Structures are given as C-alpha cells and as structure tokens.
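Sending over a structure as structure tokens; questions will come in a sec.
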Amino acid sequence: MKMKKYTLQPSQMPFDLDITLSCGQVFQWVRHEEIWTGIVKNSIITIRQNGKTLEYDGCKETDLINYFNLNFEIEKVTESIRNSIAQTTGTIPDLLFETALSVAQGLRIIRQDPWECLVSFICSQNSNIPAITKRINLLSQQYGNSLQDGWFGIPDPLSLTQAPVDKIRGCSTGYRASYLTDTASYISENPDFLSGLSVLEMKDARILLLNLSGVGPKVADCVLLFAYNYYQAVPVDVWIRKIITKGYPDLIFQAGSRKEPSYDQIADYCRNYFGYYAGYAQQLLFAARNSLITKHNT
DNA sequence: ATCCAGGTACCCA
DNA sequence: TGGGTACATGGA
C-alpha cells in the first residue's frame, strides 16, 4: 500500500511513535508489525515511523501534526524542566528524571479528543492498562460508530445515554457503568460543555470536570493533560505516588510526618519541582515506571 | 489463589 | 477537610 510521507524537522525531534501510542494516554491504537492503526476524528489512520520519516494514511498532514503535537518542542521543554529542577534543589542532574527521559525519549502528549479521553479515563479507574483497553474496545464494538474493516470509534454521548445500564455493565465496566451513562447523559444535554473548557483557566475547567459522575481528581487531570494539553495538570495514580514518594522522600520528611501525602501534596510538589511542564514530566515518569520501580522495591 | 490496577462516591467525625 | 470503605472486573 502507498502511504504519504512526512519528514520530521530538527525542531520536531525527538519523536517516538511507539512510546507515544503505548504510554497509557490513549487506548485504542493497535500495532501490527511496525504499523499502528487508530482512529482520529472518526477516520481510520495508519502510521509507521522510520527514524525521522513518518509514513501515514487516512488523514491530512495538518491533522497529523496537530494530533501528534509535532510542533511541541521537546528539547525546549526538557530544558525547562531541568532548569526548574536546578532552581528548586540545586542538585543536577536529577537521576530519576534523567532515567525516565532516557527510557521515554520522544514521548509526546497527543491532542486527544476530549470525549474519547473522558470516557477512557472514567473506564480506567482501579484497572490495569490491558483491562482498560479491553473495556473500551467492548464499549466501542457495542455502541460505537461503525467504521470500515470492523473498526469502531468511542460511542458518542447519545449512544451511551440510550444504552441500558446493565448492557454497559456487560462491557466489563462493572460499577463504572452508571458513571458512564450519567456523564454521557449530562454531555448529551450540554453539548458545548467540553469544547467550552478549552477557553477556561485550568483550575476553572477542573472544577467543572469534577462535577461529572465518575470524575475525581485523577480522571480530571488526565483529561486536562491529554485532551486539553494543560501541562500544569499532574495526574497522580498509584505509580506516580510510588515514584514521587520513594524518589523524593523529602516530600514526606519536610512535612514532618510519616503519613501518606495527599493527592494535592504530590501534584503540588511536582508542579513546584518540575515547573511549567510538570504534566509532561509526570508522563515521562509514568512511561518509565517499570524502570523506576522494581518489584523488590515497592 | 491472591493481590493489585492510570479511583471515585459516599459516609462519618 | 480529612480519613475509612465498598465497589466489579480481569491481569499478573
């Protein structure tokens, strides 16, 4: 098959397609022998990377650049994070961050569709990534938009609203089923809600997201980061909690207590320590979690 | 088999 | 405001 080509410019490097699509920010992309297939704006996209060449099909070049955030200048961002670390502690290099960077170099925060992101992370709670992927695929196959070749997009709000809750539960969603139908119902009735968030300050958008059923601090921060690219959003899951508390124990000792730090304490610590792009730093740490946390070191 | 996972809602002091 | 608990399911 013939594919279009896009050559990454020096300012667009590094870019790593594999890490970007498999680091837990998006769940419906599938890889078969170097070629990734996924759905962007209701179209099936195929893409493969060979060094600085991207071969792709199914979308326009501008869509490719926008979706993969190719003009996000990673080198400048890592420099910003390193500067913030140095300013905060004066100790560089930071071994934890540098290790994450070496493992997950080229990771990009993509520009994911807000509704897809919201549904995905409501589904994500208290589950591991393979289970989340399965769950989202079941939902899509049963209530999603049918595309070609057996591909199904995330169900739109109305489809989920009209589906019986027990059928949604049947898609391995468990107790999350009512969260999904309640939130879908709200978005159906307020179709401009999600697009309206993009013009708000992050904290205001976050407050609105937290009103949705099944959306707490973690899910809200994932949506703010992965769909709206608010880099001050720092999702704190069990992995990030472990990495930060074990990697930067001064967070605990500084407070003078041994009790587990709160969600906000960890997120605030990251914002202060990593600076403006704390959310990006967080995703590097998450992507490198298996290298940063060993099983005998939990 | 047992533990754990990209948590949240709800209750109670 | 903060701490404890139930919750469905499946992967490792």
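These numbers come from a predicted model, not from an experiment. By convention in this document, chain letters (A, B, ...) are assigned in the order of the sequence lines, proteins followed by strands, and residues within each chain are numbered from 1.
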- Query: For A:W239 and B:dG6, is the gap between ring centres under 5.5 Å while the planes differ by less than 30°?
  - Reply: no

- Whole angstrom is fine here: how far is it from CG in A:L210 over to P in B:dT8? 8 Å

- Query: Under 3.5 Å, is there an N or O donor on one side and an acceptor on the other linking the side chain of A:E260 and the base of C:dG3?
  - Reply: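 Side chain to base: no pair below 3.5 Å.
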
- Please confirm whether the backbone N or O of A:F15 pairs with a side-chain atom of A:Q49, one donor and one acceptor, at under 3.5 Å?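 Pair found, side chain donor or acceptor close to backbone of A:F15.
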
- Item | d(CD, A:Q265; P, C:dT1) in whole Å | 16 Å

- Regarding A:N50 and A:T53, is there a side-chain donor-to-acceptor distance under 3.5 Å anywhere? no

- Task: Check for a donor-acceptor pair, side chain of A:R135 on one end and backbone N or O of A:S120 on the other, with a separation under 3.5 Å.
- Result: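 Judged by distance alone, no pair lies under 3.5 Å.
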
- Message: If you assign A:V215 and A:F286 each to the DNA chain B nucleotide with the nearest heavy atom, which residue ends up on the more 5' nucleotide?
- Response: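 Taking each residue's closest nucleotide, the earlier one in sequence belongs to A:F286.
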
- Please give, in whole Å, the distance from B:dA5 C1' to A:R241 CZ?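 Going from A:R241 (CZ) to B:dA5 (C1'), I get 14 Å.
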
- Does any residue of residues 157-187 of chain A have a heavy atom under 4.0 Å from DNA chain B, and if so, which ones, in number order?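 Those residues are A:Y175, A:Y179.
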
- Message: Heavy-atom nearest nucleotide on DNA chain B for A:S213 versus A:G24: which residue maps closer to 5'?
- Response: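 It is A:G24 whose nearest nucleotide is closer to the 5' end.
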
- Task: May I have the distance from A:Q125 (atom CD) to B:dC10 (atom C1'), rounded to whole angstrom?
- Result: 14 Å

- Can you tell me how far P of B:dA9 sits from CG of A:L212, to the nearest Å? 9 Å

- C:dG3 versus B:dG6 - spacing of their P atoms, nearest Å: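 C:dG3 and B:dG6 have their P atoms separated by 24 Å.
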
- Message: Taking the basic N atoms (NZ, or NE/NH1/NH2) and the acidic carboxylate oxygens, is any pair closer than 4.0 Å for A:R169 and A:D166?
- Response: no

- Message: For the C1' atoms, the ones on B:dA9 and on C:dG10, what distance do you get once it is rounded to whole angstrom?
- Response: 22 Å

- Atom-pair distance (CG on A:N211; P on B:dA9), nearest Å: 10 Å

- Message: Taking the basic N atoms (NZ, or NE/NH1/NH2) and the acidic carboxylate oxygens, is any pair closer than 4.0 Å for A:D221 and A:R206?
- Response: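 Looking at A:R206 together with A:D221, the answer is yes, because their closest N to O distance falls below 4.0 Å.
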
- Is there a donor in the side chain of A:D94 and an acceptor in the side chain of A:Y273, or the other way round, less than 3.5 Å apart? yes

- Message: Students often get this wrong, so: under 4.0 angstrom with heavy atoms, is A:Y263 touching a base, only sugar-phosphate, or nothing?
- Response: nothing

- side chain to side chain contact (heavy atoms under 4.5 Å, CB included) between A:L64 and A:I47: does it pass, once the steps are laid out? CA-CA 10 Å; A:L64 183 79; A:I47 180 168; 3.6 Å; yes

- Figure out the CG/P separation between A:L285 and B:dG6, and round it to whole Å. 15 Å

- Task: Taking only the side-chain nitrogens and oxygens of A:K259, find out if one of them lies under 4.0 Å from OP1 or OP2 of C:dG3.
- Result: yes

- Task: Scan side-chain atoms only and decide if A:S127 and A:R176 contain a donor-acceptor pair under the 3.5 Å cut-off.
- Result: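 On atom types as modelled, these side chains qualify, holding a pair under 3.5 Å.
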
- Message: Mind checking if A:S124 touches a base, just sugar-phosphate, or nothing, with heavy atoms under 4.0 Å?
- Response: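 A:S124: backbone/sugar contact only, no base atoms under 4.0 Å.
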
- Item | Distance in angstrom units between A:I129 CD1 and C:dG11 P, rounded |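 Answer to the nearest Å: 14 Å.
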
- Task: With heavy atoms under 4.0 Å as the rule, sort A:V219 into base, sugar-phosphate or nothing.
- Result: sugar-phosphate

- Task: For A:L138, answer base if it contacts any base atom (sugar-phosphate contacts may also be present), sugar-phosphate if it contacts only those atoms, and nothing otherwise; contact means non-hydrogen atoms under 4.0 Å.
- Result: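 The residue A:L138 makes no contact with any strand.
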
- Query: Contact class for A:Q283 (heavy atom, under 4.0 Å): base, sugar-phosphate, or nothing?
  - Reply: base

